[in-house]
Amino acid sequence: LQGLDRSHFLDKVNGETIVKRSPSLQGMDYTLSRMTNCTIYLCDSMTALRAYELTDCVVFAGPVNGSVFLERCERCVFVLASRQIRIHSSTSTDFYTRTRSGPIIEHSSGLRFSQYIFDYEGIAKQLKDCGLEEDIGMWNKVEDFNWLRSQHSPNWSEIPEKEKRPTTSPP
């Protein structure tokens with residue numbers, strides 16, 4: 001985390017609800033790290049999003065024009081729209097995604113996936129500007145780089161209909 005612009009990351013936060021609205025993210029890279037029991041609403045487009053060591057957090061993110069990278073996240077919920085999503089060393093976490101390629105997982109287990117469910121004023125234009133205006137159904141085309149067999153990976157599944165969250169807007 002050294003060398004990062006401190007206005008574009010949250011670090012060591014516990015038990016808070018945080019709302020960042022346009023233009024506070026300014027289309028920049030954003031990083032979340034070492035957070036526990038937080039709900040985060042990132043209501044703007046970003047060029048990249050990174051999350052490290054999040055536990056029991058819920059993250060709603062506006063469109064990411066580049067990639068999302070998540071590492072060592074546990075018992076979280078992520079709502080993400082991005083060109084690419086990479087998930088490393090994470091467990092028991094739900095993902096609601098819209099992406100141009102299938103989410104990539106490595107060294108992870110207990111992950112569940114469904115379609116993107118975030119809504120706020122201006123998101124339609126931001127999704128369009130990032131080339132993500134249309135959901136092309138890649139949310140369930142998960143690639144598990146640790147499961148090279150033809151059978152379905154045991155490390156991820158679809159979220160059952162009765163357990164899915166509704167479309168959500170920020171407070």
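- Going from atom OG of Ser33 over to atom CG of Leu10 covers 8.0 Å, rounded to the nearest 0.5 Å.
- A 4.5 Å side-chain heavy-atom check between Leu70 and Phe95 finds at least one atom pair inside the cut-off.
- Separating the CZ atom in Phe78 from the CG atom in Leu49 is a distance of 8.0 Å, to the nearest 0.5 Å.
- Here the straight-line distance linking atom OG1 of Thr55 with atom CD of Glu74 works out to 5.0 Å at 0.5 Å rounding.
- Leu132 places a side-chain heavy atom less than 4.5 Å from the side chain of Arg100.
- No single ILVMFWY cluster, assembled from side-chain heavy atoms under 4.5 Å apart, contains both Phe113 and Ile136.
- A heavy-atom distance below 4.5 Å is not found between the side chains of Asp44 and Lys20.
- Put simply, the side chain of Thr99 gets close to the backbone of Arg83: a donor and an acceptor are under 3.5 Å apart.
- Counting only heavy atoms from C-beta outward, the side chains of Trp156 and Glu158 approach each other to under 4.5 Å.
- The ring-ring contact (aromatic ring centres under 6.0 Å, His included) pairs that include a residue from residues 117-149 are Phe60-Phe118, Phe118-Tyr120, where partners are two or more places apart or lie in different chains.
- A search for side-chain contact (heavy atoms from CB on, under 4.5 Å) contacts involving Asn155 returns Ile105, Ser109, Asp144, Ser153, not counting sequence neighbours.
- With sequence neighbours excluded, the residues that form a side-chain contact (heavy atoms from CB on, under 4.5 Å) with Thr47 are Asp29.
- At least one side-chain heavy atom of Val58 sits under 4.5 Å from a side-chain heavy atom of Arg165.
- Here the side chains of Ser114 and Asp94 are not in contact, with every heavy-atom distance at 4.5 Å or above.
- Of the listed residues (Leu127, Asp129, Ile123), just one forms a side chain to side chain contact (heavy atoms under 4.5 Å, CB included) with Lys125, and that residue is Asp129.
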